[in-house]
Amino acid sequence: MNLFTDIHRLVIEALDTLTEDGALPEGLAYDNVTVEPPRDPAHGDMATNAAMVLAKPAGRKPRDIAEALAGHLATDERIALAEVAGPGFLNLRLSESVWQGVVQEVLAEDAGYGRADMGQGRRVNVEYVSANPTGPLHVGHTRGAVFGDALASLLDFAGWTVTREYYINDGGGQVDVLARSVYLRYLEAHGQEVAFEDGTYPGDYLIEVGARLKELHGDAFVGQPESVWMEEVRTFAVEAMMDLIRTDLAVLGVEMDSFFSEKSLYGTGRIEAAIEDLDGKGLIYRGTLEPPKGKMPEDWEPREQMLFRSTAHGDDVDRPIRKSDESWTYFAPDIAYHYDKVSRGYDELIDVFGADHGGYVKRMKAAVAALSEGAVPLDVKLCQLVKLYKDGEPFKMSKRAGTFITLRDVVDEVGPDVTRFVMLTRKNDAPLDFDFDKVLEQSRDNPVFYVQYAHARIRSVMRKAEAAGIALDEPPRLEDDAELAVAKKLAEWPRLVEIAARSHEPHRIAFYLYELAGDFHALWNKGNESPHLRFHRDDAPEASAGKIALARAVAIVISAGLGILGVTPVEEMR
RNA sequence: GCACCCGUAGCUCAGCUGGAUAGAGCGCUGCCCUCCGAAGGCAGAGGCCCAAGGUUCGAAUCCUUGCGGGUGCGCCA
């Protein structure tokens, strides 16, 4: 249940009644009528803009409509006060029993509180990470991994059926480079001197792979031409890298439902099938592209190639499908991959990319729009760069100097929970500063700590109360403003989940938790000055039980919220 | 040159997809521990929401233009 939708429904019913009474004309559209928490608590608990939105189509003054509406709403027992304000807002103050009810509901529904059925079971495929299988995951991948994973959990919580998918780029030239690099390590394992020239991966992580290759094949490949070993070494190397990546993801707590191999699209007719589908829609043709304006490539020459008419679906220029040597461009398997996703019957698709793939969004959307004939929406979420800091100083990354920060480095340093939460304290399309020292700091300016601390405080109180024989299943009692503030914040949770899910923005969950924790800490501290507001009171067990009910509700929501972010709520801090 | 993202307190950023007097943390000023964990809380100062137009009852939010920053722009994926 969502209190805001309840009251929204109440407002709509009242409007219908006004229409029946002839106070409003028939057939008004209520689409823009909203019920929201006002920014200023002095304006009440909720406000509706109904009168202002309907004034024009109804041909009546906003304040008149508001007055009439107020009269009807005031008869509902949940509404303590309805008053017209400003240009025609209708401010509602809800009766205290409503907030009491909210807390009780949280306790009753427990981890299910805030679950929504917005998705109505629709199937969504969230593709993320999808790093090339050529090495360990680095910081940039980490953000994408955390974001995609949290978004997937969020959508699941909001009622979608979610598939978490990883697209393995194992079909392009970079896996050949990987194979050659592993081959060099293999020769090295046989005692040969090798040189890592440009176009090979010199990373240490391949030493072990080369050694394992030696164990498996002995010297069968030594001194042999590429044609002999390429296929086998490549498969072996990709497999090894995917093991590495899977381990990295596991360390972060990310588990994919599905891995999709780009290679499986080649030589199987699947790319051809996707292109044929587009061709059947008249979107494939042979032509010559204009050179890009402003920045002319040095070796530019006009060239006829197979093109996809992506401009028919909102792209800026048509995109090449085949290279000049008639092999596929990287775009072709991507089309086939998304064709496959559409064929698998997903109702919605989400791709999580790094910001450097921004230029890729329009053509991908065009492809999906064409393939699904507009039936399957694709949302592409771009994750901006992560800038690393150490004690306030920029942390320089350089492959050459060996200071190449991997996902593993970060998680080993600060742990998966901190890594995940911090990665979600920024909007996905805003750059993120990650300071190794600050994220471990135990203070209010570290949101991870602040939220965890609130949860730990509550669990601490519950343990002590239990030991003191105080009942933990009493109904809540709310008396103080600070308590009501917390209850009201809890009432916002279901609404926030819906907003975050609709906008595909899991960071909103993190910010909400920070606010909820703030309200809770304020209440906690008030207990220092006013002992009767303390949660745990041996002198008044019954009152204490009523207070603890509220605290338990807070812990439930924090726990649920952290669950969406993939962060473990802690029992105690130390 | 074109496309996408961004521009909000001194700094780092939220702002509920158009609502009322624009918020938080850090930093600055002043308070609150014989009291459930002060690892916390309260209060104050600090803003022409980049600029100019437009849409309307109402704009930080939507549209246009300009300025400033980031990313990308056929045979790398």
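Quick note on labels: first sequence line is chain A, next is B, and so on, each numbered from 1. Note that these values count all heavy atoms, side chains included, but never hydrogens, waters or copies made by symmetry. Nothing here was measured: the structure is a model prediction, and the numbers come from that model.
Rounded to whole Å, the P atom of U65(B) lies 11 Å from the corresponding atom of C4(B). Here, U12(B) and A59(B) have their P atoms 29 Å apart, quoted to the whole Å. For the P atoms, the distance from U56(B) to G40(B) is 50 Å, rounded to whole Å. Remark: the separation of the C1' atoms in G1(B) and G18(B) is 35 Å, to the nearest Å. The gap from the P atom of A14(B) to that of G7(B) amounts to 8 Å, rounded to the nearest Å.
Within the 4.0 angstrom heavy-atom criterion, only backbone atoms of the sugar-phosphate kind lie near His507(A); the bases stay farther away. Contact annotation for Asp316(A): backbone-only contact, meaning every heavy-atom pair under 4.0 Å involves sugar-phosphate atoms and none involves a base. Glu262(A) comes within 4.0 angstrom of the backbone, heavy atoms only, and of no base. Among the atoms of the strands shown, base atoms are found under 4.0 Å from some heavy atom of Asn91(A). Using a 4.0 Å heavy-atom criterion, one finds that Asn49(A) contacts the bases of the nucleic acid, with or without backbone contacts as well. Contacts of Ser324(A) with the nucleic acid, taken as non-hydrogen atoms under 4.0 Å apart, include base atoms. Within the 4.0 angstrom heavy-atom criterion, only backbone atoms of the sugar-phosphate kind lie near Pro320(A); the bases stay farther away. Using a 4.0 Å heavy-atom distance criterion, Tyr514(A) is classed as a sugar-phosphate-only contact. Among the atoms of the strands shown, base atoms are found under 4.0 Å from some heavy atom of Glu301(A). Among the protein residues, Ala430(A) comes within range of the sugar-phosphate backbone only, with heavy atoms under 4.0 Å from sugar or phosphate atoms but none that close to a base.
The two atoms that bring Ala158(A) and Ala501(A) nearest to each other are CB-CB, 3.6 Å, heavy atoms only. Here the closest heavy-atom approach between residue Asp176(A) and residue Met230(A) is recorded as O-CE, 3.8 Å.
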Under 3.5 Å, which N/O atoms of the protein pair with N/O atoms of nucleotides 8-12 of chain B?
| unit_1 | atom_1 | unit_2 | atom_2 | d |
| --- | --- | --- | --- | --- |
| U12(B) | O2' | Arg426(A) | NH1 | 3.1 |

I'd like a table of atom pairs between the protein and nucleotides 41-47 of chain B - only N or O on both sides, under 3.5 Å - with the distance next to each one.
| unit_1 | atom_1 | unit_2 | atom_2 | d |
| --- | --- | --- | --- | --- |
| G41(B) | OP1 | Arg444(A) | NH1 | 2.9 |
| G41(B) | OP1 | Tyr450(A) | OH | 2.4 |
| G41(B) | O4' | Asn525(A) | OD1 | 3.3 |
| G41(B) | O2' | Asn525(A) | OD1 | 3.4 |

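Residues Asp315(A) and His313(A) have side chains that never bring a donor and an acceptor to within less than 3.5 angstrom of each other. At a cut-off of 3.5 Å, with distance as the only test, no side-chain donor of His357(A) or Asp351(A) sits close to an acceptor on the other residue.
With a cut-off of 3.5 Å on both Watson-Crick or G-U wobble distances, the partner of C2(B) is given as G72(B). Under the Watson-Crick or G-U wobble criterion, with both distances below 3.5 Å, A24(B) is paired with U12(B). The base-pairing partner of C42(B), taking Watson-Crick or G-U wobble contacts with both distances under 3.5 Å, is G30(B). Using Watson-Crick or G-U wobble geometry with both donor-acceptor distances under 3.5 Å, A51(B) finds its partner in U65(B). Across all strands shown, G18(B) forms no Watson-Crick or G-U wobble pair with both key distances under 3.5 Å.
The residue among Ala85(A) and Pro37(A) whose nearest nucleotide of RNA chain B lies closer to the 5′ end is Pro37(A). The residue among Pro333(A) and Leu289(A) whose nearest nucleotide of RNA chain B is located toward the 5' end is Leu289(A).
For His536(A), the side-chain atoms get nearest to C36(B) when compared with the rest of A20(B), C36(B), C75(B). For His43(A), whose side chain is taken as the heavy atoms from C-beta onward, the closest listed nucleotide among C13(B), G72(B), A20(B) is A20(B).
A salt bridge between Lys341(A) and Glu165(A) is absent, with no side-chain N of the basic residue lying under 4.0 Å from a carboxylate O of the acidic one. Salt bridge annotation for Arg508(A)-Glu515(A): absent, with no cationic side-chain nitrogen under 4.0 angstrom from a carboxylate oxygen. Taking 4.0 Å as the cut-off between side-chain N and carboxylate O, Lys547(A) and Glu479(A) count as a salt-bridged pair.
Side-chain nitrogen and oxygen atoms of Arg457(A) include at least one within less than 4.0 Å of the OP1 or OP2 phosphate oxygen of A38(B). At the phosphate of A77(B), neither OP1 nor OP2 sits under 4.0 Å from any side-chain N or O atom of Trp328(A). The shortest distance between the side-chain N/O atoms of Arg508(A) and the OP1/OP2 oxygens of G15(B) is below 4.0 Å.
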* Take nucleotides 57-64 of chain B nucleotide by nucleotide from the 5' end and write B, S or -, depending on whether a protein heavy atom sits under 4.0 Å from the base, only from the sugar-phosphate, or from neither. => B-------
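Side-chain to base pairing of Asp334(A) with A77(B): no donor and acceptor N or O lie closer than 3.5 Å to each other. You'll find a donor-acceptor pair under 3.5 Å spanning the side chain of Arg495(A) and the base of C16(B), going by distance alone. Checked by distance alone, Arg537(A) brings no side-chain donor or acceptor within 3.5 Å of a matching partner on the base of C36(B).
Judged by the 6.0 Å and 45° rule, Arg363(A) forms no cation-pi pair with Phe308(A).
Relative ring orientation between Tyr167(A) and Tyr337(A) is described as parallel, the plane-to-plane angle staying below 30° on a 0-90° scale split at 30° and 60°.
Nucleotide A77(B) holds its P atom 16 Å from the CZ atom of Arg319(A), rounded to whole Å.
Between His521(A) and the choices Phe449(A), Tyr453(A), Tyr514(A), the ring pair (Phe, Tyr, Trp, His ring centres under 6.0 Å) rule is met once, by Tyr453(A).
Between the side-chain ring of Phe89(A) and the base of A20(B), a stacking contact exists by the 5.5 Å and 30° definition.
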